[in-house]
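Presented below is the structure to which this report refers.
A, B, ... follow the sequence lines: proteins, then strands. Residue 1 opens every chain. Note that the coordinates shown come from a computational prediction; the quantities given were computed from them, not determined experimentally.
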Amino acid sequence: MKISDTLTNEKKELEFSDKVRIYLCGVTVYDQSHIGHARTIIIFDTLRRFLEANGIKVELIQNFTDVDDKIINRAKEQGESANGISNKYIQTYFEDSDRLNIKRATNYPKATEHIDDMINLIQDLIKKESAYVSKNGVYFRVSKFSEYGKLSKKKTEELESGARIGIDESKENPLDFALWKFSDGQPNWESPWGNGRPGWHIECSAMSIKYLGKNFEIHGGGRDLIFPHHENEIAQSESFTSEQFAKIWMHSGMITINGEKMSKSVGNVKSINHVLDSWGPNVARLFCISGHYSKPIDYTEDLLKENLIRLRQIETCYYELRLAEQTQETEDISSLLIETRKKFDTALNDDFNTSLGLSVFFNMIKTINSLAAEEKINKKIAEQALPVLEYMLDVLGIKIQTVSDEEIESVFKLINKRETLREEKQFEEADKIRDQIAGMGISLIDHKNKTLWMKKEPIKSEKQ
RNA sequence: GGCGCGAUACCCAAGUGGCUAAGGGAGCGGUCUGCAAAACCGUUAUUCACCGGUUCGAAUCCGGUCCGCGCCUCCA
């Protein structure tokens, strides 16, 4: 598999020995997570599913930043403890994540539970003269790391000249960033240099190295983290280990809302919760991987609606196969299935091209649905096609509403009853049964000689 | 101002040197139907922001222009 590496700016072969180790920068838990967070999480969850579905072991670490000025401010506003705020939003994070059908990461380390690791790391950096203690805290000495700027392609001279004024005078250089901030406010921890709390960047260095080692396969996050967060992580980690940090830097594109940046001030932030309530998890997932992961996606009602229609096509396909009956030989689609699987994997193996992968996927769906319309799907075809469909659904994290055999039987009974009534031209009675079936969340698919059906995921935004 | 990314039909979007520029949505036309919905079929770019260059050959490579976006302070 090849993945675009932000550092070298080229597609790099994903190399690994026994497993693929991924560190994904998580969220700062001071508020509800939004659709932008969701996209990043979905992209890495889908990547993880793809690798695992192909027999590759994955260790995925995603951190929570649970100590930060934003959390502290929010706590003050609401008269709560910082801990109370972060715990609350960690909980909503997991609720969102579960609803989105995200597989749980291997571990979700919290910054506050790794203060010692950070202190050790900082101590080593001070010993190496890569960091120094000043009046306000401990700072990283950017001038000591000659490769500073290699990820974001920035030159330190330009950064210095462009640095804003009014910056902490106690720093040797305006580019130096805080590893430890002195503070007596809550929360604070003891350190060899004085009470305080850690800087943002150091937590990811400490936790990624602790859980994944000095040199792991993929470090991920949103594009907006490239500078300064990831740049600083590289500086800290590589100064500490004297080795290359992550082998591949994989960054996901931003989500805009109707072409505008999502921001609190504009008031256009779409929470995951809101999107899930309106569109459900499957549409959200399809939407988030509809374009290439590295490119931005614009959130519009039209695009969501389009993905809802695509979901309906998948549901149709699934039920055409699920309800297939034993009939005579029709067509042989085994080569289509083999090709589909091959092309799907090829697309994802080439820089995780989910957009192309989805095309391949929907091409198969369309072919099967066409055959179904001609009543050419039988049990044999279904048995061949279902595993392929289910493989792709699993990779994509799409969960179709399923039915038990008993349910199938009872739905068919109702359908037959309706058919009889229709033949007798008792349309009012027949429509009543149709409504009853619809009430069970089931839609009918009429073919020439038979009526099939599917159980649809109820989507709130559809009913308007 | 600096750095980076992008521009392909009404919309989304794949395609990075060569077969007819994928696929989806929407629209329009149709099949089916008691009606409706769904489903299914057909149809929609001589051309890839613009100008120039390289080449037998360019959406794709090179140079320039214009536009849009992100980052340069916290951000997924």
(request) Could you provide the dot-bracket string of RNA chain B, using ( ) for intrastrand pairs, [ ] for crossing pairs and | for bases paired to another strand, with Watson-Crick or G-U pairs below 3.5 Å? (result) ((((((.(.[[[..)..(....]]]((((((.......))))))....[[[[[..)....]]]]].))))))....
(request) Applying salt bridge (Lys or Arg N to Asp or Glu O under 4.0 Å), name anything that partners A:Glu331, two or more places apart in sequence or on another chain. (result) A:Lys376
(request) State which residues pass salt bridge (Lys or Arg N to Asp or Glu O under 4.0 Å) with A:Asp98; sequence neighbours excluded, sorted by chain then number. (result)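 A:Asp98: salt bridge (Lys or Arg N to Asp or Glu O under 4.0 Å) contacts with A:Arg104.
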(request) Determine which pairs satisfy side chain to side chain donor-acceptor pair (under 3.5 Å) with at least one residue from residues 335-346 of chain A, sequence neighbours left out, and list them in order. (result) A:Asn54-A:Arg341, A:Arg341-A:Asp345, A:Asp345-A:Tyr391
(message) Filter on side chain to side chain donor-acceptor pair (under 3.5 Å), then keep only pairs touching residues 352-361 of chain A, sequence neighbours left out; what's left?
(response)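 Side chain to side chain donor-acceptor pair (under 3.5 Å) check on residues 352-361 of chain A returns no pairs.
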(request) Would you mind building the protein contact string for nucleotides 17-23 of chain B? One character per nucleotide, 5' to 3', B for base within reach (heavy atoms under 4.0 Å), S for sugar-phosphate only, - for untouched. (result) -----B-
(request) Go along nucleotides 3-10 of chain B 5' to 3' and tag each nucleotide: B for a protein heavy atom under 4.0 Å from its base, S when only backbone or sugar atoms are that close, - otherwise. (result) S-S-----
(request) Identify, with sequence neighbours excluded, every residue that meets side chain to side chain donor-acceptor pair (under 3.5 Å) alongside A:Gln32. (result)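 Applying side chain to side chain donor-acceptor pair (under 3.5 Å) to A:Gln32 gives none.
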Carboxylate-amine/guanidinium proximity below 4.0 Å for [X] and [Y]:
X: A:Lys11; Y: A:Asp350; answer: yes
X: A:Glu407; Y: A:Lys455; answer: yes
X: A:Asp431; Y: A:Arg434; answer: yes

Quantified in whole Å, what is the [atom1] atom distance between nucleotide [N] and nucleotide [M]?
N: B:U31; M: B:C50; atom1: P; value: 41 Å
N: B:C12; M: B:U20; atom1: C1'; value: 23 Å
N: B:C32; M: B:C69; atom1: C1'; value: 47 Å
N: B:A39; M: B:U33; atom1: C1'; value: 12 Å
N: B:C66; M: B:C3; atom1: P; value: 16 Å
N: B:G17; M: B:A59; atom1: C1'; value: 11 Å
N: B:A7; M: B:C67; atom1: C1'; value: 8 Å
N: B:G64; M: B:C74; atom1: P; value: 33 Å

Take the protein atom [atom1] of [X] and the nucleotide atom [atom2] of [N], then report the distance between them rounded to whole Å.
X: A:Asp31; N: B:C74; atom1: CG; atom2: P; value: 19 Å
X: A:Glu428; N: B:G34; atom1: CD; atom2: P; value: 17 Å
X: A:Leu100; N: B:A76; atom1: CG; atom2: C1'; value: 13 Å
X: A:Leu311; N: B:G24; atom1: CG; atom2: P; value: 17 Å
X: A:Lys343; N: B:G15; atom1: NZ; atom2: C1'; value: 14 Å
X: A:Ile365; N: B:G25; atom1: CD1; atom2: P; value: 12 Å
X: A:Lys432; N: B:A36; atom1: NZ; atom2: C1'; value: 18 Å
X: A:Phe177; N: B:C74; atom1: CZ; atom2: C1'; value: 15 Å

If you look at every strand shown and take non-hydrogen atoms under 4.0 Å, does [X] touch a base, only sugar-phosphate, or nothing?
X: A:Ile255; answer: base
X: A:Gly220; answer: nothing
X: A:Ile226; answer: nothing
X: A:Met262; answer: base
X: A:Gly36; answer: base
X: A:His292; answer: sugar-phosphate

(message) Check this for me: does the side-chain of A:Asp431 come within 3.5 Å of the base of B:G34 through a donor and an acceptor?
(response) yes
(request) Please state whether the base of B:C74 and the side chain of A:Lys70 form at least one donor-acceptor pair under 3.5 Å? (result)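 Such a pair exists between side chain and base.
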(request) Identify, between A:Lys425 and A:His37, the residue whose nearest nucleotide on RNA chain B lies closer to the 5' end. (result) A:Lys425
(message) Both A:Ile35 and A:Asp298 contact RNA chain B. Taking the nearest nucleotide for each, which residue is further toward the 5' end?
(response) A:Asp298
(request) Could I get the full list of ring pair (Phe, Tyr, Trp, His ring centres under 6.0 Å) partners for A:His114, not counting sequence neighbours? (result)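 If we apply the ring pair (Phe, Tyr, Trp, His ring centres under 6.0 Å) test to A:His114, skipping adjacent residues, the hits are A:Tyr211.
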(message) Would you compute the distance between atom CD of A:Gln62 and atom SG of A:Cys25 and round it to the nearest 0.5 angstrom?
(response)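 Atom-to-atom, A:Gln62:CD and A:Cys25:SG are 9.0 Å apart.
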(message) Would you call the rings of A:Phe352 and A:Phe50 parallel, tilted or perpendicular, taking 30° and 60° as the class edges?
(response) tilted
(request) Report the relative orientation of the aromatic rings in A:Tyr319 and A:Trp453; use parallel for angles under 30°, tilted for 30 to 60°, perpendicular for over 60°. (result)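 Ring orientation, 0 to 90° scale: tilted.
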(message) Test salt bridge (Lys or Arg N to Asp or Glu O under 4.0 Å) on A:Asp66 and A:Lys110; report intermediate values, then the result.
(response) CA-CA 6 Å; A:Asp66 61 344; A:Lys110 295 178 196 169; 5.4 Å; no
(request) Ignoring hydrogens and angles, state whether a donor on the side chain of A:Asn273 or A:Arg99 is under 3.5 Å from an acceptor on the partner side chain. (result)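 Present: a donor and an acceptor within the cut-off.
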(request) Sort and list the pairs that fulfil ring-ring contact (aromatic ring centres under 6.0 Å, His included) and have at least one residue in residues 87-106 of chain A, not counting sequence neighbours. (result)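 Residue pairs with at least one partner in residues 87-106 of chain A: A:Phe64-A:Tyr93, A:Phe64-A:Phe94, A:Phe94-A:Tyr108.
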(message) Once ring-ring contact (aromatic ring centres under 6.0 Å, His included) is applied, what residue pairs with a partner in residues 245-264 of chain A remain, sequence neighbours excluded?
(response)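 Qualifying pairs, neighbours excluded: A:Phe216-A:Phe245, A:His219-A:Phe245, A:His219-A:Trp249, A:His230-A:Trp249, A:His230-A:His251, A:Phe245-A:Trp249.
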(request) Of all the heavy-atom pairs spanning A:Ile257 and A:Asp298, show the shortest one and how long it is. (result)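 Looking at all heavy atoms of both residues, the shortest contact is C-OD1, 3.6 Å.
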(request) Please tell me which of the listed nucleotides, B:U33, B:C12, B:A76, lies nearest to the side chain of A:Val27? (result) B:A76
(request) Would you indicate which nucleotide in B:C40, B:A76, B:G34 comes nearest to any side-chain atom of A:Ser370? (result) B:C40
(request) Kindly say if A:Asn353 contacts the phosphate of B:G15, meaning a side-chain N or O under 4.0 Å from OP1 or OP2. (result) yes
Tabulated below should be each protein N or O lying under 3.5 Å from an N or O of nucleotides 37-39 of chain B; please produce it.
residue, atom, partner, partner atom, Å
B:A37, N1, A:Asp446, OD2, 3.3

